[in-house]
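Letters go in sequence order (proteins before strands), and every chain restarts at 1.
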Amino acid sequence: MSKKHGALRGSLLGLTALAGMVMLGQTAQAEELRLLTWGGYVPDDVVAEFEAETGIDVEVTLSNNEEMISKLRATGGGGFDLAQPSQDRIASAQLEHNIYKPIDLSKIDASLFIPSMLEATKANTTLDGEVYGVPQIWGTDGLVLNTAEASTVKDYIDLCSDEVAGKVSYRLRRPTLIAFAFSMGMDPFAAYNDEAAYQEILDKVEAKLIECKPNVKTYWEGSDSLLNLIRSGEVVAAMAWDAGGWTLNNDNPDMNFVAPSSGALGWVDTFAIPRKAENEEAAYKWINFVMKPEIAARITAASSYYTASNGASSLLDEAQRKQFETSFPQEALDNINWYPPVPAGLEAIEGKTLDRVKAAQSN
Amino acid sequence: MTTSTGKAGAMRVGALLLAMPLLLWLFLLVILPHVDLLLVSLRERISYGKYEFSLINYIEFFVEPLYWNTYVRTAVMSLMATVLTLMIGFPVSYYIAKVMRGKGKNVLFLLCLIPFWVSELVRTFGWMILLRESGVISNFLQWAGIADGPIEMLYNDATIMVGLVYTSMLFMVVPLVSVLDSLDDSLIEAGYDLGGNAFTVTRDIVIPHAMPGIASGCIVVFMLTLGNYLTPNLLGGKDSLWFTEQIYTQFITRFNWESGSAFGFLLLVLSSLIVWIGLKLSRQTLSETVS
Amino acid sequence: MADQFDLECRDVVKKFDAFTAVDSISIAIPKGSFFSILGPSGCGKTTLLRMLAGFQAPTSGDILINGSSVLGVPPNRRPVNMVFQHLALFPMMNVAENVAYGLKRRGVDRSTIEKKVNDTLARVGLPDSGPKQISQLSGGQKQRIAIARCLVLEPAVLLLDEPLGALDLKLREHMKVELKQLQNEIGTTFVYITHDQSEALVMSDQVAVMNAGRFEQVGAPQDLYYSPQTAFVAGFVGESNRWKGTVGKTQGDQIVINLPTGGSVVASRVVHPELSEGQTVDVFVRPEAIAIDGQGKTDNAIGAKVENVLFNGAASSVQVRDSATGHEMTVALPQTGAFANLKAGDTVNLTWAAEQTRCFAKSEKQGAAA
Ligand SMILES: Nc1ncnc2c1ncn2[C@@H]1O[C@H](COP(=O)(O)OP(=O)(O)OP(=O)(O)O)[C@@H](O)[C@H]1O
Ligand SMILES: [Mg+2]
């Protein structure tokens, strides 16, 4: 009998202790920043410095555009204090799922941003007069080549040529559809708001991608696995982000990022605040911290991603600047196709196209 | 009279209280999500945040050959993987249960466990390192002079099958070993003594005895395979088509919860249906198999 | 000569690594006889039987069935069948399917199978049990089905490995008689192994007493009981009072065996011409050879005190203690019911003839006592 009481008391004690811990956890949460971001955007030393400076713990979750939206949608905009979607994916997601809250521009030091980029991002993420995103990092989709073996590849469409048969990789995602459309001489962005015209473009791209499928080694998913495929020589030409090409170039001068002749696709990843963020203050502190030129330059040095921070580029070292200039001569820079905001509903149509490409048998 | 009913009532309340955690668990984690899934699958997006009841997601599934093909392909491949796992797992289990003695038996059993010391992701990457064009086997074959150039062994259905069977083996071997362990050796000997040979003894005595284990192993393997995402996706490459992949795509990259839910429900129906047919064919009952 | 014997073993040896489980056994079992192998647990009975059935190969020696060697012949090709210790009926089949199993394996046609199965079930006294499941049978019925399953194949030899071991006492007594009768009717050679001496004695034409892998003695039950050849047989078959002693003086046709406790026992020189003075011997006297307050031969006479009356109907006995030496003895009570009111504490005079005393010189090898 007494033993039973003991056990009961024990478990009650345990429960109280647990409850106490949960409460402690909650109070501790006030000093935490939960960040939903991309791989490479938050180097460890930057996190450490921020934590030392502010006393706020940073909890990083790595993700991509679609997952970010899905995660926030599932919780109605909860679970994170700061997210980093691409600028073209914010307005439609906000309209559809209401997962963000407007950015309080008064809490952001606008002088830290390259003015043209800040204005463009603000314009693309404005809904009912409220701004939902400010830029952090930008980059392009283009060609990552092993130039020793794929010198003939000048544009996306060349990925389907016989010279590189079986040694090609790209993602089966919407940027690929857009890239092929441009390289086939069409302008998908102009057709964004005309569903029929867009469908027509997609149909042509679909036919091309199915025809091209035997050329493809595999559709890549994570950039690490793609870089491995290129390093091992299994893939010699791929459609990928510029930063990946530069990372490879650091080890092997034959491998590099090349801006395709139809133009690289320019994207900007932003800061956006989830609707149920619990520590907004920390989010603003983080934004103003990582946009400081010296911090932003460090991020670029570590990851090869370019930054929207004003004045950071002058702090980069010579080699990195040269890498950038080789890949982007002035005319290539002018030729970049920047993503306009994606109208809602477009992704559903694109999804069907991608499904059909995936389902087509290549052999 | 009143006291006795009162007592019985109290007892019933007590039993109910005891069962409460189980009922709560069943309700919150099993029934509620499925009801929710069903409801979501039965609506159609009209415009921003506006939905209406509709069967469009199910109609879509049957009209679009892509989904339908993926569904059938997943079912057929899962069945094949289950049968293959059984065909490999049965002799292995028989060997462990009936031929090995003492220490060797435990060692062999542990060997079957080893793949599970690492996560599925790591395991699948292990296969990729072995089978890729610049991988271990390809290099070995070239070194041995069997192949002239690099050989790509990844990204085809046979590789998916190998990965699925490898991943499922333990779930087949464990129930089979335990059911075969319970088979009295003298039954097998009696079979031989009465004139049976290896084939007839296996068919008439070993398999009927092992049937509950075969059924439960097959159910688990089939469900796991049907619901597998990583293995078909990573090992299958550009031509992998797996229904769970389709569900993931609908939910995560298309933001289309409605058709994702419908697909999820259809997958549930498919697995229940096939398990039911399997049980009927093998004349087993679910309760027998589970216990 | 070969065709009188269904089964013959020639110097059969079975070794498990260094351990010898069966040690050069030679035996010829006549056609149609009920042959038992009796021995304590672990003496190698099952091992021998499994070699006959073909589940194990002898390390050396030869086994002949119907006159030809069966070495290398697998169990499913030998004309012998085995009833297993735990019967090994197939639970996944009903009774008729169990019995039909062997015939099916031989490819016998359906109608013949049905007829034979029915005949055999009738012969073991369970004519209507065909559709029953094995789990619906009683212990004794299972027993009979296990035998029917073998008999339907008309084997030259039926091997039975302690088939009554799992049954309760009453049923065992009953089945003993039934098995004996069955064997009589069908005339198949039975090789029956058991560690229960009463089973062996009641049923068998011939019994081999086995100990530590060897046959100690082979003979009719009466021979074993009344003329055991070794101390092991004397001790293992039937009840005995036993002493250890030293051979003393011979007086006429009587030999005195001196017990270490001080007393002595008298044996007959006629029965034991081989004993010489000074030998160490084991001495055995059957409980029923001893008379209480009797008038018969009084070569041996002891005063004793009753310690326990073990009433068991016709097999009642008393435990007594020798007043002189303190040695404990068991004495059978006459079936007439005399001494029915004997009780603990009574003193009695015990007498027996010198011929009833059996002595075995302690030999090189001392088998495990029963
Ligand atoms: N496969 C084997 N490997 C090693 N030793 C064995 C093996 N089979 C039997 N033995 C040994 O041989 C001896 C005889 O065994 P066996 O089974 O023949 O005894 P048994 O006379 O049938 O005993 P019981 O009456 O208990 O059934 C035992 O000591 C046993 O340990
Ligand atoms: Mg035995």
Side-chain angles (χ1 to χ4, degrees), chain A residues 63-74 89 92-99 166-174 209 212-222 224-225 228-229 231-235 344-345 347-363, chain B residues 36 40 44-51 60 63-71 73 121 124-125 128-129 131-135 138-139 149-152 154-157 159 230 233-243 245-246 248-260 263:
Chain A
S63 189
N64 58 46
N65 267 324
E66 290 83 10
E67 266 184 32
M68 273 182 212
I69 297 171
S70 292
K71 276 196 168 114
L72 293 174
R73 180 186 174 188
R89 310 290 286 264
S92 61
Q94 173 60 15
L95 203 57
E96 179 84 44
H97 309 305
N98 188 22
I99 49 181
K167 291 174 173 283
V168 165
S169 189
Y170 44 79
R171 293 199 300 168
L172 207 52
R173 291 284 171 94
R174 64 184 306 270
L209 287 178
C212 194
K213 200 170 178 185
N215 252 34
V216 175
K217 176 111 201 157
T218 186
Y219 299 124
W220 63 271
E221 297 272 350
D224 283 344
S225 68
N228 275 332
L229 282 169
R231 279 196 192 101
S232 72
E234 289 178 46
V235 163
E347 279 149 314
I349 315 175
E350 291 165 346
K352 293 261 165 63
T353 302
L354 294 171
D355 278 346
R356 282 191 289 268
V357 174
K358 178 81 194 258
Q361 288 300 305
S362 61
N363 36 34
Chain B
D36 197 40
V40 171
E44 184 190 0
R45 178 184 175 278
I46 303 300
S47 73
Y48 294 117
K50 262 192 72 184
Y51 298 94
E60 181 99 316
V63 169
E64 175 69 61
L66 162 66
Y67 302 142
W68 183 231
N69 286 345
T70 310
Y71 190 72
R73 177 187 140 92
L121 191 66
T124 311
F125 276 127
M128 294 181 77
I129 289 169
L131 296 175
R132 64 190 293 176
E133 196 180 336
S134 58
S138 171
N139 277 335
I151 302 176
E152 178 65 272
L154 276 180
Y155 313 131
N156 58 57
D157 287 358
T159 312
L230 273 176
N233 193 15
L234 288 177
L235 296 182
K238 61 180 175 177
D239 288 326
S240 84
L241 282 176
W242 209 254
F243 204 64
E245 208 179 325
Q246 201 55 253
Y248 177 88
T249 310
Q250 293 301 334
F251 267 105
I252 306 297
T253 55
R254 302 287 147 68
F255 317 124
N256 193 343
W257 288 15
E258 290 72 37
S259 83
F263 288 4

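With a 4.5 Å cut-off on side-chain heavy atoms, A:R356 and B:E64 count as touching. In this structure, the side chains of A:E234 and B:L154 stay at 4.5 Å or more apart for every pair of heavy atoms.
Looking at A:L172, neither its backbone nor its side chain comes within 4.5 Å of chain B, counting heavy atoms on both sides. Heavy atoms of A:R89 lying under 4.5 Å from chain B belong exclusively to its side chain. Interface remark: B:F125 contributes no atoms to any contact with chain A (heavy atom separation under 4.5 Å). For A:A93, no part lies under 4.5 angstrom from a heavy atom of chain B.
In this structure, CD on B:E133 lies 12.0 Å from OG1 on A:T218, to the nearest 0.5 angstrom.
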Next on the checklist: Using the rule given for side-chain contact (heavy atoms from CB on, under 4.5 Å), can you reason through B:M128 versus A:S225, listing the C-alpha separation, both sets of side-chain angles and the distance that settles it, and then say yes or no?
Outcome noted: CA-CA 11 Å; B:M128 294 181 77; A:S225 68; over 6 Å; no
Next on the checklist: Determine whether A:R73 and B:F255 satisfy the following criterion, side-chain contact (heavy atoms from CB on, under 4.5 Å), listing intermediate values before the conclusion.
Outcome noted: CA-CA 9 Å; A:R73 180 186 174 188; B:F255 317 124; 3.9 Å; yes
Item to check | CA sep, side-chain torsions, deciding dist, call: B:L234, A:E221, side-chain contact (heavy atoms from CB on, under 4.5 Å) | outcome: CA-CA 9 Å; B:L234 288 177; A:E221 297 272 350; 6.0 Å; no
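Here the closest heavy-atom approach between residue A:N228 and residue B:R132 is recorded as O-NH2, 3.9 Å. Taking each heavy atom of A:S70 and B:I252 in turn, the nearest pair found is OG-O, 2.9 Å.
The candidate with the highest count of non-hydrogen atom pairs below 4.5 Å against chain A, out of B:S259, B:S240, B:G237, is B:S240.
Remark: B:E245 engages A:K358 in a salt bridge, criterion side-chain N to carboxylate O under 4.0 Å.
Of the listed residues (A:R173, A:E350, A:E347), just one forms a side-chain contact (heavy atoms from CB on, under 4.5 Å) with B:T253, and that residue is A:R173.
No donor-acceptor pair under 3.5 Å is formed between the side chain of A:K217 and the backbone N or O of B:K238.
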